[in-house]
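A quick note: this is a predicted structure, and the numbers were derived from the prediction, not measured. Residue numbering restarts at 1 for every chain, and letters A, B, ... go by the order of the sequence lines.
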Amino acid sequence: MSTITTLHAGFAGHVSDALDALVAAGALPGGLNRGAVTVEPPRDPSHGDLATNAAMVLAKPAGTNPRALAEALVAELVKLPLVTEASIAGPGFINLRLAPGAWLDELRAVAALGADYGRSALGAGTTVNVEYVSANPTGPMHMGHCRGAVVGDALASLLEFAGHKVIREYYVNDAGAQVQVLGRSAHVRYREALGEDVGEIPEGLYPGDYLIPVGQALAAEFGDRYVGAPEEDWLALFRTRAVAAMMAMIRDDLALLGIRFDRFSSEAELQAAGKPDEAEAWLRARDLVYDGVLEAPKGKVVEDWEPVALPLFRSTRFGDDQDRPIRKSDGSWTYFGADLAYHFQKAESADALVDIWGADHGGTVKRIKAAVAAMTGEDGHPTPFEVKLVQMVQLLRDGEPVKMSKRAGTFVTLADVVREVGKDVVRFTMLTRKPEAQMDFDFAKVVEASKDNPVFYVQYAHARICSTLRKAAAEGFAPGDGALDALGSEELALVAQAAQFPRVVEAAAVAREPHRIAFFLHDLAAAFHAYWNLGNDRPDKRFIVAQSADLSAARLFLAAQIGQVVRNGLALLGVEAVEEM
RNA sequence: GCGCCCGUAGCUCAGUUGGAUAGAGCACGAGCCUUCUAAGCUUGGGGCCGCAGGUUCGAAUCCUGCCGGGCGCGCCA
């Protein structure tokens, strides 16, 4: 790993050093918590290049006033060679102006670090398990799964880039009633493959054509052996084969989006290995599971409701509204009972857990958080666990909602959408909104090649850079950092914009919000396009200035590094940085 | 009835986790192509940050209560 320090990280350190100097001089008490101290660019660039709130947040605990502390801090900060001015503003902000050399150093850092520019050690090598998609293995992926898939995958990449080890995990729900239905559906297709006229697929089974090849494969393998046989002879077998086929199909769908998982965990295997039993025993020993009577459901009338004694997990002790059953009255595991054990299993090999769920599962967040808290928190340090809910995506075509019905077979598959608009468009679009907000996905708009469409806008910036570098090479100019002093304030402003990337990566990783990268890229692309257009009216502001090899080399070096930052950002989102459009 | 999420320009949305005069795109008005890609840029108007309190040096951001929208509320998955 390189020892190059990026600009923002460097100045965070400088402010910290200045505070240490004040402590050493007796001007500030030691041991203050500096967690709230920030060093970041001010919202209004006219205030300077960097601002810190250190004096304001430390004044009160230090027993002094912000102004006095700021003055002492300024006296330290002006000693830094790259600081040209340090001033106090407003309630006690300290604004710093930096020498051009600070930005030029950053530009060299981008070049030196290349694809690693923006990579952070923030995660300190701790392992984060990110579970996402986890679509039921009963059919192809549809658009309802898409957003969670993209958000989860981008988040995983982001956390890796921010210094975590990441496990990308898919939980295969291959143990519930729905896979029994899948097995029966496969049996119908199996009989059909053997020549039987099965007519309409019966109500309650999966009617999709995607099970036809599964039936054919079963027919080829087993002949007519299971045609008239009782269900207990074939259901487990057919279910297993059908699930395997569905998972193969889902992997193909995911591959279209460029998504791959490190681990597929099977609910059926989890149960076969006795994990839920172990969890129950462990919880019972601590009186966290007891036999109790479940309350009747609220908010709607259930006619056949009968109070029954069930093993309940005391989730109310950890903030849930109600204790939750882990087994059904027939003794089999509820989804929650197995999921609880599953999360405990995940926590054994990770320092933190993140689940990406659809908003329709929001009602079960409290119980699973309660379970993780109960099972990992005995030592007082529960495994950090977050559930990110992604809201549903409304599909539109020219402003009209696309009607979807599983029964009518008109649901929109992920594969169809990716084929129609492309992986990059799907991925970027899904990341241009914070996940917890509802979004529309209009086929007409997302393929539009204009600035209305952020995907093309960002890719266009990268393509322009590549095109410029190609043209320069053809004319005998090459990027070089030998005369970077030739760069002026407009160029340095562009560097300042790009230099935010490492900060944005860290902030996005901490917040688990990959969409921030997408917005950063849009802003950077806008800054680049604006700079580019200076050359329309003023040939002396173009990247290639025929009269000056030095200036051209410096500007091309700048262009190349902006391109590098765009590439690094797009890589996190899993979007291709096209070189030509 | 309860829980979770959302409410910011006419529309679609950001807002650096409590910072300075709240931003961008679309739409509307006015400009910029014998060009390194105009798939772009410049510029103008447009705001009770849902409402009301509270917390503090300081609130779109945190707390409480309302209002409006979405999702969910068997032993389903």
### Query
Under 4.0 angstrom, heavy atoms only, what part of the nucleic acid is A:His515 near: base, sugar-phosphate, or nothing?
sugar-phosphate

### Query
Does the side chain of A:Ser548 come under 3.5 Å of the side chain of A:Asp550 through a donor N or O and an acceptor N or O?
no

### Query
Where the side chain of A:Phe519 is defined as all heavy atoms beyond and including C-beta, which of B:A14, B:A24, B:U37 is the nearest nucleotide?
B:A14

### Query
Is a salt bridge present between A:Glu490 and A:Arg538, judged by a nitrogen-to-oxygen distance below 4.0 Å?
yes

### Message
Using the side-chain heavy atoms of A:Lys366, tell me which of these nucleotides is nearest: B:C4, B:A20, B:C36.
### Response
B:C4

### Charged N-O contact under 4.0 Å between A:Lys346 and A:Glu169
no

### Query
For atom C1', what is the distance between B:C36 and B:G23, given to the nearest Å?
31 Å

### Query
For B:U37, does the glycosidic angle fall within 90° of 0 (syn) or outside that (anti)?
anti

### Task
Taking atom P in both B:G45 and B:C6, compute the distance separating them and give it to the nearest angstrom.
33 Å

### Query
Does B:A77 have A:His361 stacked on its base, where the ring centres are within less than 5.5 Å and the planes differ by under 30°?
yes

### Query
Expressed in angstrom and rounded to an integer, what is the separation of A:Phe336 atom CZ from B:G72 atom P?
20 Å

### Query
Checking all strands, does A:Gln500 fall into the base, sugar-phosphate, or nothing category for heavy-atom contacts under 4.0 angstrom?
nothing

#### Entry: N or O in side chain of A:Lys434 less than 4.0 angstrom from B:U8 OP1/OP2
no

### Message
Counting the atoms with a prime plus P, OP1 and OP2 as sugar-phosphate, which does A:Arg433 contact under 4.0 Å by heavy atoms, base, sugar-phosphate, or nothing?
### Response
sugar-phosphate

### Task
Give the rounded distance in Å between these two atoms: CD1 of A:Ile465 and C1' of B:G40.
13 Å

### Message
Students often get this wrong, so: under 4.0 angstrom with heavy atoms, is A:Arg516 touching a base, only sugar-phosphate, or nothing?
### Response
base

### Query
Do we get A:Arg367 above A:Phe313's six-membered ring, with its NZ or CZ under 6.0 Å from the centre and within 45° of the axis?
no

### Pairwise C1' distance for B:G15 and B:U34, with rounding to whole Å
43 Å

### Query
Base, sugar-phosphate, or nothing for A:Phe93, non-hydrogen atoms under 4.0 angstrom?
base

### Query
What is the distance, rounded to the nearest whole Å, between atom CG of A:Asn536 and atom P of B:G40?
13 Å

### Message
With the six-membered base ring of B:G40 as reference, does the ring of A:Trp532 sit under 5.5 Å away with planes under 30° apart?
### Response
no

### Contact under 4.0 Å: A:Tyr457 side-chain N or O vs B:C41 OP1/OP2
yes

### Task
Pick base, sugar-phosphate or nothing for A:Ala511, based on heavy-atom distances below 4.0 Å to the nucleic acid.
base

### Task
Mind checking A:Ala472 for me? I need base, sugar-phosphate or nothing, with any heavy atom below 4.0 Å counting as a touch.
nothing

### Task
Give A:Val510 one of three labels, base, sugar-phosphate or nothing, depending on what nucleic acid heavy atoms sit under 4.0 Å from its own.
nothing

### Query
Do A:Lys369 and A:Glu386 meet the salt-bridge criterion of a basic N to acidic O distance under 4.0 Å?
no

### Query
Could you give the NE2-to-C1' distance, from A:His142 to B:A77, as a whole number of Å?
12 Å

## Note on the structure
Considering only heavy side-chain atoms of A:Glu513, the closest of B:G15, B:U37, B:U42 is B:G15

### Task
May I ask you to decide whether A:Arg516 forms a salt bridge with A:Glu513, counting only side-chain N to carboxylate O separations under 4.0 Å?
yes

### Task
Go ahead and name the base partner of B:C76; Watson-Crick or wobble counts if both distances stay under 3.5 Å, otherwise write none.
none

### Query
For B:C26, which nucleotide is its Watson-Crick or G-U wobble mate, given both distances must be under 3.5 Å?
B:G10

### Query
At under 4.0 Å between heavy atoms, what does A:Ala296 touch on the DNA or RNA strands: base, sugar-phosphate, or nothing?
nothing

### Message
Using a heavy-atom cut-off of 4.0 Å across all strands, would you classify A:Pro539 as base, sugar-phosphate, or nothing?
### Response
nothing

### Task
With RNA chain B as reference, determine whether A:Thr432 or A:Ala359 sits nearer its 5' end, using the nearest nucleotide of each.
A:Thr432

### Query
Does any donor atom in the side chain of A:Tyr132 or A:Asp355 lie under 3.5 Å from an acceptor atom in the other side chain?
no

### Query
Side-chain donor-acceptor pair under 3.5 Å between A:Glu491 and A:Tyr531, yes or no?
yes

### Query
For RNA chain B, whose closest nucleotide is more 5', that of A:Glu306 or that of A:Leu469?
A:Leu469

### Sugar-phosphate only, base, or nothing, as touched by A:Thr364 at under 4.0 Å among non-hydrogen atoms
base

### Message
Tell me whether the side-chain N or O atoms of A:Asp360 pair up with the base of B:G72 as donor and acceptor below 3.5 Å, since no angle test is needed here.
### Response
no

### Task
Looking only at side-chain atoms of A:Asn136, point me to the closest of B:A77, B:C36, B:C75.
B:A77

### Query
In whole angstrom, what separates A:Leu294's CG from B:C73's C1'?
12 Å

### Query
Using the C1' atom in both, what is the distance from B:U61 to B:U55, to the nearest Å?
13 Å

### Message
Check the phosphate of B:C75 against A:Ser329, side-chain N and O only, distance under 4.0 Å to OP1 or OP2. Yes or no?
### Response
no

### Summary
Atom CG of A:Leu389 and atom C1' of B:G70 are separated, to the nearest Å, by 13 Å

### Task
Run through A:Gln564, A:Arg567, A:Glu106 and flag the one making a side chain to side chain donor-acceptor pair (under 3.5 Å) with A:Tyr117.
A:Glu106

### Message
By the 4.0 Å heavy-atom rule, please label A:Thr334 as base, sugar-phosphate, or nothing.
### Response
sugar-phosphate

### Query
Which nucleotide, B:G19, B:A20, B:C5, lies nearest any side-chain atom of A:Asn53?
B:G19

#### Entry: Base B:U37 to side chain A:Arg464, donor-acceptor N/O within 3.5 Å cut-off
no

### Query
Just how far, in rounded Å, is P of B:G74 from CG of A:Asp323?
16 Å

#### Entry: Nucleotide forming a Watson-Crick or wobble pair with B:C66, both distances under 3.5 Å
B:G50

### Task
Give the nucleotide from the list B:C36, B:C41, B:G19 with an atom nearest to the side chain of A:Phe543.
B:C36

### Task
For B:G47 and B:G7, measure between their C1' atoms and round to the nearest Å.
15 Å

#### Entry: Atom P, compared across B:G18 and B:C63: separation rounded to whole Å
10 Å

### Message
Return the pairing partner of B:A39 with a 3.5 Å limit on both distances, Watson-Crick or G-U wobble; otherwise return none.
### Response
none

### Query
Taking the same atom, C1', in B:C26 and in B:A9, what whole-Å distance lies between them?
12 Å

### Query
Considering only B:G40, B:A77, B:U17, which nucleotide approaches the side chain of A:Glu40 most closely?
B:U17

### Query
Which of these, A:Phe428, A:Tyr457, A:Tyr460, A:Phe456, sits in a ring-ring contact (aromatic ring centres under 6.0 Å, His included) with A:His522?
A:Tyr457

### Whole-Å distance separating the CG atom of A:Asp537 from the P atom of B:G31
16 Å

### Task
Measure from the side chain of A:Met56, starting at C-beta and using heavy atoms only, and say which of B:G19, B:G3, B:A77 lies closest.
B:G19

### Task
Identify whether any heavy atom of A:Asp320 sits under 4.0 Å from a base atom; if not, whether one sits that close to sugar-phosphate; answer base, sugar-phosphate or nothing.
nothing

### Task
Using the P atom on both, measure B:A22 against B:U16 and round to a whole Å.
15 Å

### Message
Quick check on B:G74: syn or anti? Syn means the glycosidic torsion is within 90 degrees of zero.
### Response
syn

